[in-house]
Amino acid sequence: MIAIIDYDAGNIRSVEKSFQFLGENTTVTRDRDEILAADKVVLPGVGAFGDAMRKLKAYHLISTIYDIVDKKTPFLGICLGLQLLFEGSDETPGVQGLGILPGEILRIPDRIGYKIPHIGWNSLNLEHEGRLFRGIEQQAYVYFVHSYYLKAKEEEIVKASTEYVTHIHASVEKDNVFACQFHPEKSGDTGLKILSNFAAL
């Protein structure tokens, strides 16, 4: 069973449908017992960092997420779900993130000729043998929608990066924690392969 955490963020149903397309049994829930009993857990999300942290707190999900990570259950953050795993974000100064991984979420710098938010397909530079990217070729294209990006403190946890105005850490992996800034559920066959790799862990 793959539990998809429901905290009123956008894009939850798209993630659910992608896993169901792959034949995976899923549940969309904020019930602590259901989440802790799951074989895998996903934190999706489209929205604002501060609002998301407030909702995770209001639904008593923060301690549940920490417990899932401590249990070594495979855990996947997607888009905003990646950003929430880190310590804080330029989007909402003063609001603490989950702090599960060390790093900062910065606003993509303005540059003539580039639109923010960054919306569209970018190629990935794969590095450090990420388990999500088994069977995926270098420079495969995936779909991004974001105005803020990750700068991880530990280079070795970065498994994929891309370039858009600046160098963006696009996917990380540390122990049982995985995260993607892009949307695998909107990234065609490449994205489905990434989700399949996660489901197979």
Side-chain angles (χ1 to χ4, degrees), residues 1-5 9-28 38-47 73-86 101 103 105 108 114-152 154-201:
M1 172 70 73
I2 297 175
I4 300 169
I5 296 176
N11 219 45
I12 288 176
R13 294 301 169 185
S14 296
V15 174
E16 178 189 30
K17 287 178 181 177
S18 292
F19 278 116
Q20 289 174 345
F21 178 81
L22 293 168
E24 298 297 331
N25 190 16
T26 64
T27 181
V28 175
D39 301 310
K40 317 270 186 333
V41 178
V42 180
L43 182 66
V46 171
T73 300
F75 184 95
L76 174 63
I78 296 175
C79 194
L80 180 59
L82 169 143
Q83 297 181 6
L84 295 170
L85 292 172
F86 289 84
L101 298 173
I105 307 300
I108 298 173
Y114 289 83
K115 293 183 178 180
I116 299 172
H118 168 211
I119 301 175
W121 297 81
N122 266 58
S123 60
L124 295 177
N125 178 48
L126 305 180
E127 47 199 308
H128 302 131
E129 298 181 352
R131 285 176 283 168
L132 292 184
F133 299 99
R134 287 172 177 163
I136 293 175
E137 295 181 358
Q138 278 286 0
Q139 305 304 313
Y141 277 81
V142 293
Y143 191 77
F144 289 83
V145 182
H146 64 126
S147 299
Y148 296 83
Y149 73 98
L150 166 64
K151 186 176 181 181
E154 299 172 340
E155 284 286 339
E156 64 273 15
I157 76 170
V158 178
K159 306 303 178 181
S161 58
T162 194
E163 304 292 329
Y164 189 83
V165 181
T166 188
H167 184 66
I168 292 169
H169 292 157
S171 185
V172 294
E173 171 190 334
K174 186 172 184 179
D175 300 325
N176 59 310
V177 178
F178 303 79
C180 301
Q181 178 60 69
F182 56 88
H183 288 274
E185 77 283 2
K186 294 183 177 180
S187 297
D189 290 344
T190 295
L192 287 173
K193 177 63 174 171
I194 290 167
L195 295 179
S196 177
N197 284 343
F198 175 72
L201 290 170

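It should be emphasised that the depicted structure is a prediction, and the values quoted were computed from it without experimental measurement.
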Whether [X] side chain and [Y] backbone form a donor-acceptor pair below 3.5 Å:
| X | Y | value |
| --- | --- | --- |
| Asn25 | Met1 | no |
| His146 | Tyr148 | yes |
| His183 | Tyr143 | no |
| Asn122 | Glu163 | yes |
| Ser171 | Ala179 | yes |
| Lys40 | Leu76 | no |
| Thr162 | Leu124 | no |
| Ser18 | Ser14 | yes |
| Asn11 | Gly45 | no |

Inset, instruction - Step through it carefully: locate the ring centre of Phe182, locate the ring centre of Phe144, and say whether they are under 6.0 Å apart. - result: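 Yes, they do, as the ring centres are separated by less than 6.0 Å.
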A side-chain contact here means heavy atoms from C-beta on lying under 4.5 Å apart; do [X] and [Y] qualify?
| X | Y | value |
| --- | --- | --- |
| Phe133 | Asn197 | no |
| Leu195 | Phe21 | no |
| Gln83 | Leu150 | no |
| Lys17 | Glu185 | no |

Legend entry - Neighbour count above 12 (heavy atom, 6.0 Å) for Arg131 CZ: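 Yes, the 6.0 Å shell around CZ holds more than 12 heavy atoms from other groups.
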Legend entry - Ring geometry between His118 and Tyr164 (parallel below 30°, tilted from 30 to 60°, perpendicular above 60°):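 Rings of Tyr164 and His118: parallel, as their planes differ by under 30°.
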